[in-house]
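Written below as structure tokens is the structure these notes are about.
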There are 2 protein chains.
Amino acid sequence: MLLDKLTRKQEIHQTAAKLFNEMGFNAISMRDLAAELDIKASSLYNHISSKDEILSDIILNIGSQFTEGMLAIVNQEEDVITQLEQLISLHVGIVVDNPDAIGCLNNDWKHLNPESKSRLVKMRNDYEEQFRRIIKRGIVESKIVNLNPEVILFSLLSTLRSMNIWYSKKGSDDVNELTRQVKSILLEGVKVK
Amino acid sequence: MLLDKLTRKQEIHQTAAKLFNEMGFNAISMRDLAAELDIKASSLYNHISSKDEILSDIILNIGSQFTEGMLAIVNQEEDVITQLEQLISLHVGIVVDNPDAIGCLNNDWKHLNPESKSRLVKMRNDYEEQFRRIIKRGIVESKIVNLNPEVILFSLLSTLRSMNIWYSKKGSDDVNELTRQVKSILLEGVKVK
DNA sequence: ACATAAAACTAACAAATGTTAGTTAGTTTG
DNA sequence: CAAACTAACTAACATTTGTTAGTTTTATGT
């Protein structure tokens, strides 16, 4: 099933993610999307019900992947540093498999319809809250430096969230090596001691 | 002169930057922009010549600030770590003064007209190349960890470039304290040694 | 007070947008 | 074979878009 050929709807989602990522949701018309698939705009509506829905499907799917990944990590109750390393791996893994969809999530979540947007924002808030708790626990346990947890959180998230940009630019090389280096830089810093 | 009241054109730029940052260039119509200024769309054209031009003005202005800041730092020929700290201060300073315009630069540069886009991309490439040289020199001098300079560069830039997002969310508190913490996190990492 | 410039207005345009209705050709299934 | 389904098509729709032309109001300087 997973190795099957894509359904037409999945093809549309994939192509839409690519175009939305390149130019933004609002810059891509249904005619643009259709042209990329070599059909007419109206034919898209045999498979999807609105432009809105395409965006929601793409973004909420990625949101769910992060939510599930975070849940798995939190439930494992490992060491704080290990959990941070697992979070970094989670982000790298999702980026590698869905670079375009991540771009949509980062840039086009504002254009979700109200229902989808509120679902996403809730997922994101929950995700950040779990991340924050890990950091705070690390500070209490003296495993993480005693700085403003908010600054630590967003510094880490900034790098993790924009990995899609330079991942697509550089090509994979070796994903394991990339993960190792990102872990080292984020956790140990760039300065030689 | 700098403390003078804004010209109407500057007001338009300021309001446009705010709206573009909130919803993206393509999602804001000239009627939206005009409404925010309590005038009609056509009245805008007494002050600006096109929607395109507004975006170019906003973005290239910020681009220039980064270019000039980088030039000043490179010319000073300080220690590598000092230069990195100065770069962090440069980003914080520009973000604090122009959070909306930074959002435009990050998200809407793709929608610049061809001439402006190529100017911006050149500025950005030059900026990144100078940044890369500092990192490479740091590695040679054993001041910076011996990892892929590209990964170091984009990890640092990711955090610096998205500071606008959480700066506007948190309010300034104390900019000096913020700068100090970001320097510590990026250079020393988050893990207790 | 008068002339000039600055900045607003109304009305309209051609193009582009998301979407619907109705139709047709090809494929699968009973 | 006939029925049903899939997936494409053409044509058209009401809105929204950036922008222009022409006009009127408001502010400024002599």
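Everything numeric in this text was worked out from a predicted model, so none of it was measured. Throughout, a chain's letter reflects where its sequence line sits, starting with A, and its residues are numbered from 1. Every heavy atom of this structure was used, including side-chain atoms; hydrogens, water molecules and symmetry mates were not.
Annotation: R8(A), atom CZ; neighbour count of heavy atoms from other residues, nucleotides and ligands within 6.0 Å is above 12.
For the pair K51(B) and F25(B), the cation-pi criterion (under 6.0 Å, within 45° of the ring axis) is fulfilled.
Across the protein-nucleic acid pair, L55(B) atom CG and dG18(D) atom P stand 12 Å apart, rounded to whole Å. Rounded to whole Å, atom C1' of dT17(C) lies 14 Å from atom CD1 of I54(A). Rounded to an integer number of Å, the gap from L33(B) CG to dT16(D) C1' is 16 Å. Spacing between atom CZ of R8(A) and atom C1' of dT27(C) amounts to 15 Å, rounded to whole angstrom units. In this entry the distance linking CG of D52(A) with C1' of dT17(C) reads 14 Å, nearest Å. In this structure, K51(A) atom NZ and dT19(C) atom P are separated by 8 Å, rounded to whole Å. In this structure, D32(B) atom CG and dT17(D) atom C1' are separated by 10 Å, rounded to whole Å. When rounded to the nearest whole Å, the span between CD1 of I48(A) and P of dT19(C) equals 7 Å.
A salt bridge links R133(B) to E129(B): at least one charged side-chain nitrogen sits closer than 4.0 Å to a carboxylate oxygen. In this structure, R137(A) does not pair ionically with E77(A), as no charged nitrogen and carboxylate oxygen lie closer than 4.0 Å. By the 4.0 Å N-to-carboxylate-O rule, E78(B) lies too far from K143(B) to be salt-bridged with it.
For T15(A) (side chain) and I12(A) (main-chain N/O), no donor-acceptor pair under 3.5 Å exists by modelled atom type.
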Under 3.5 Å, which donor-acceptor pairs do the side chains of residues 186-193 of chain B form with other protein atoms, sequence neighbours left out?
from    : atom 1 : to      : atom 2 : distance (Å)
E188(B) : OE2    : K191(A) : NZ     : 3.0
K191(B) : NZ     : E188(A) : OE2    : 3.0
K193(B) : NZ     : E188(B) : O      : 2.9
K193(B) : NZ     : K191(B) : O      : 3.1

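Among D100(A), N107(A), N98(A), the one residue that satisfies the side-chain hydrogen bond (donor to acceptor under 3.5 Å, both in side chains) test with N21(A) is D100(A).
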Each nucleotide N or O in nucleotides 9-12 of chain D that has a protein N or O under 3.5 Å away: list the pair and distance.
from    : atom 1 : to     : atom 2 : distance (Å)
dC9(D)  : OP2    : K40(A) : N      : 2.6
dC9(D)  : OP2    : S43(A) : OG     : 2.9
dT10(D) : O4     : S42(A) : OG     : 2.7

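Within residues 12-30 of chain B, the residues that have a heavy atom under 4.0 Å from DNA chain D are, in order of number, I28(B), S29(B), M30(B).
An OP1 or OP2 oxygen of dA7(C) is reached within less than 4.0 angstrom by a side-chain nitrogen or oxygen of H47(B).
Side-chain polar atoms of Q14(B) and Q10(B) form no donor-acceptor pair below 3.5 angstrom.
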